[in-house]
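In the text below, chain A, chain B and the rest are named by the order of the sequence lines, each starting its count at 1. Computed from heavy atoms alone, side chains included, the values below leave out hydrogens, waters and symmetry copies. Values in this document were obtained by computation on a predicted structure and should not be read as measured data.
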Protein chains: 4
Amino acid sequence: MTTGAVSPRRADTRRNHERILAAALESLTTTGEVSFNTIARTAEVGVGTVYRHFPTPDALVLAVYRREVQHLVDVVPSLLEEHTPEQAFRVWTGHLARYMMTKRGLANALRTAPTSPKELFASASEAMRSAISTLLEANVQAGSVRADLDPLIVLRALGGLLYLSPSEDWQSQTERLTDLLWRGMRT
Amino acid sequence: MTTGAVSPRRADTRRNHERILAAALESLTTTGEVSFNTIARTAEVGVGTVYRHFPTPDALVLAVYRREVQHLVDVVPSLLEEHTPEQAFRVWTGHLARYMMTKRGLANALRTAPTSPKELFASASEAMRSAISTLLEANVQAGSVRADLDPLIVLRALGGLLYLSPSEDWQSQTERLTDLLWRGMRT
Amino acid sequence: MTTGAVSPRRADTRRNHERILAAALESLTTTGEVSFNTIARTAEVGVGTVYRHFPTPDALVLAVYRREVQHLVDVVPSLLEEHTPEQAFRVWTGHLARYMMTKRGLANALRTAPTSPKELFASASEAMRSAISTLLEANVQAGSVRADLDPLIVLRALGGLLYLSPSEDWQSQTERLTDLLWRGMRT
Amino acid sequence: MTTGAVSPRRADTRRNHERILAAALESLTTTGEVSFNTIARTAEVGVGTVYRHFPTPDALVLAVYRREVQHLVDVVPSLLEEHTPEQAFRVWTGHLARYMMTKRGLANALRTAPTSPKELFASASEAMRSAISTLLEANVQAGSVRADLDPLIVLRALGGLLYLSPSEDWQSQTERLTDLLWRGMRT
DNA sequence: CATGAATGAGTCTTCATTCAT
DNA sequence: AATGAATGAAGACTCATTCAT
């Protein structure tokens, strides 16, 4: 009836979407589980609402994943602006390590995703690969690393960061792992 | 009750222990699940028996894990006898990759083990560390790698092998990852 | 609000009514279920609209039922024009059997209708009874059946046709059942 | 430990089986539903126990069904001992009508049984057919009915008894239906 | 009036854990 | 010690019904 205001119903829907994603992220980063019932309870919506927004648990995990991975991708340009290519790479591995540590549950959920790990990685892993690719290209331009590096291999080499646990001296370990890797990468 | 004689009972018990471990390993490497009921069924013992042998699911996973990791540790000496130190290291990473690929379910279970990741790594990760340590020492002796490498860092760098999936060209990827790493390790 | 003019709204409403009935019929004859949500989806209207047109699932089933049964009632006059009374009866039982077989889901839904089986039969069963009544009267006039037959009893005797399944030799079974019944009915 | 008494555990199990069947029968004859949760609640056992005894809802319905149908089959011999063949048949249809009326929910559940209607009828319908067959044979021997009657057709003709509802004058209707049928059956 | 998002009760099913034998 | 039946909490999912727009 009114024209000025955004319809409350519409607002509810959007807010629900947000709340569900937030609840799912929290659940994934803490327990690593994605019980629709629990998420509904946390987000304070009905279970049916969760199902309306995300047909399957996988779809929900995927949505959370995409969103989170995007953070790592988005930070690359600014890193390259503010640092030398080499520094940018090193700082980014720090981001990656921190991300891995915080989102442990998420990482696990991704690995154990029962269905369509294909689609999952097709999009997410590709995003990561392109982020690394950009960093490598900048370094190749600067002459600091070899030109024949496969971003995927570098990504795999960084995979060990997944093992880091908050209790250990992860900062130092990350640096040392990056050092080791860098020695193997440089010209 | 008695300690001197090996009672027939004792034999049964030992056999049960074996069967449970075998069933758990199979379950972990295939489905990645460790349902006590399922394992009991596979091992052809009662659930109660499984509980008697392993108080918690974690204890069972840990036991399986220890056993499996031992294989990777045990192979080191013979590798060093039959190959140059560098070759030994490279061949061992191949073993590691194959192991990771075969025991995917196990690896996942380990990562998602809800409790006591401490104890889990205290023993298992330590075993792996010592295996790498041995390989590194041989290479240091031969002058092929730097003397200041931390085995743990190298182990982390190899962690990316966990991502490999059977469908991909994992052999080539393993070699390339090892190459990259080796460049960073050598003198 | 107004009664004199046929509003465009009215047209929409009538069309919706039709679509809902059509969707319900299809659902009943195929799956035998009457999920309002599913029906709404099939009819391409909102659930609320279905509720507006039919207050309860029963009301909807009843409406579909009435409509379908009418087919069996409407065919009687023409049968009596084109056949002898006895043949008309026999042909009609064939119609009945085919109808039962096609609308199996409908028949089941009717039987399991949780509430108001009263109202359900008050109208639908009455229509069937009158159809049979007409057929019997013609036969009484022709002197081929006894005059003291209760149409309801005859209807019940034909109820066995409900059991027929498409896979069996239902045509022959219908004829034999009709034969048996006819022997009991004739003068 | 004791030898004289049947082990209590064994007794519990058997008692549970009974209670579940009883609860299922009640549920089927009243609401026509077979919710495992509800049945467990009624029988005062855990849901898991119901699952242990009956793997699927169908298996439970089937078990109840077999049991109930058996009653109708078992009564035949005594009827033939105490009555003339014709009377036996008429009394049996009375039993059938009463059974149908009481077990309405059961009958419905049977018709709508989603899976394996095959197996269901292979056993149950066959039992019914043989019951009627016995009654017919006795009558053929006594010369009261024709020898070429197909028990299955007679069973179908009696199917109309399913329609009877307790509120109506079902006794009289049953008799009249049987009369009509008998006229068609006799020599 | 029509729409369809939201709700939540209720069903199915699995599985860790207990415990009587 | 071994067994496995029993239990029930918990998760997945459906669907009737309400209600804001």
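Listed by chain and residue number, nothing satisfies the side-chain hydrogen bond (donor to acceptor under 3.5 Å, both in side chains) test with B:Thr49 (two or more places apart in sequence, or in another chain). Under the side chain to side chain contact (heavy atoms under 4.5 Å, CB included) criterion, B:Gln70 pairs with B:Val73, B:Asp74, not counting sequence neighbours.
Residues in residues 11-38 of chain C take part in these ring-ring contact (aromatic ring centres under 6.0 Å, His included) pairs, two or more places apart or across chains: C:His17-C:His53, C:His17-C:Phe54, C:Phe36-C:Tyr51. Within the structure, no pair that satisfies the salt bridge (charged side-chain N to carboxylate O under 4.0 Å, His left out) test touches residues 27-37 of chain D, not counting sequence neighbours.
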Fill in the dot-bracket string of DNA chain E, one character per base: . for unpaired, | for a pair to another strand, ( ) or [ ] for pairs within the strand, taking Watson-Crick or G-U pairs under 3.5 Å.
-> .||||||||||||||||||||
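Toward the 5′ end of DNA chain E lies the nearest nucleotide of C:Arg52, the other residue of the pair B:Thr38 and C:Arg52 mapping further downstream. Checking C:Val47 against B:Asn16, the closest nucleotide of DNA chain F that is more toward the 5' end is the one next to B:Asn16. With DNA chain F read from its 5' end, the first of the two nearest nucleotides for B:Val50 and C:Pro57 is the one closest to B:Val50. Map C:Thr49 and A:Val45 each onto its nearest nucleotide of DNA chain E; the residue landing nearer the 5' end is C:Thr49.
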Please table the atom pairs, donor to acceptor, closer than 3.5 Å between any side-chain atom in residues 18-26 of chain D and protein atoms at least two apart or in another chain.
from: D:Glu18; atom 1: OE1; to: D:Arg67; atom 2: NH2; distance (Å): 3.4
from: D:Glu18; atom 1: OE2; to: D:Arg67; atom 2: NH2; distance (Å): 2.9
from: D:Arg19; atom 1: NE; to: D:Ala43; atom 2: O; distance (Å): 3.0
from: D:Arg19; atom 1: NH2; to: D:Ala43; atom 2: O; distance (Å): 3.3
from: D:Arg19; atom 1: NH2; to: D:Glu44; atom 2: OE1; distance (Å): 2.7

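Phosphate contact (OP1/OP2 of F:dA6, side-chain N/O of D:His53, threshold under 4.0 Å): present. OP1 or OP2 of F:dA16 lies within a sub-4.0 Å distance of a side-chain N or O belonging to C:Asn37. In this structure, B:Thr13 does not reach the F:dA1 phosphate: none of its side-chain N or O atoms is under 4.0 Å from OP1 or OP2.
Here the C1' atom of nucleotide F:dA16 and the CZ atom of C:Phe54 are 17 Å apart, to the nearest Å. For D:Glu44 and F:dA6, the CD to P distance is 15 Å, given to the nearest whole Å. Summarising the geometry, the separation between CZ on A:Arg19 and P on E:dA6 is reported as 12 Å, rounded to the nearest angstrom. Atom pair B:Arg41:CZ and E:dT14:P shows a separation of 10 Å (rounding to whole Å applied). The CD atom of A:Glu33 sits 18 Å away from the P atom of E:dT14 (whole-angstrom rounding).
Within the nucleic acid shown, A:Tyr51 comes within 4.0 Å of at least one base atom, counting heavy atoms only. Among the protein residues, B:Ser35 comes within range of the sugar-phosphate backbone only, with heavy atoms under 4.0 Å from sugar or phosphate atoms but none that close to a base.
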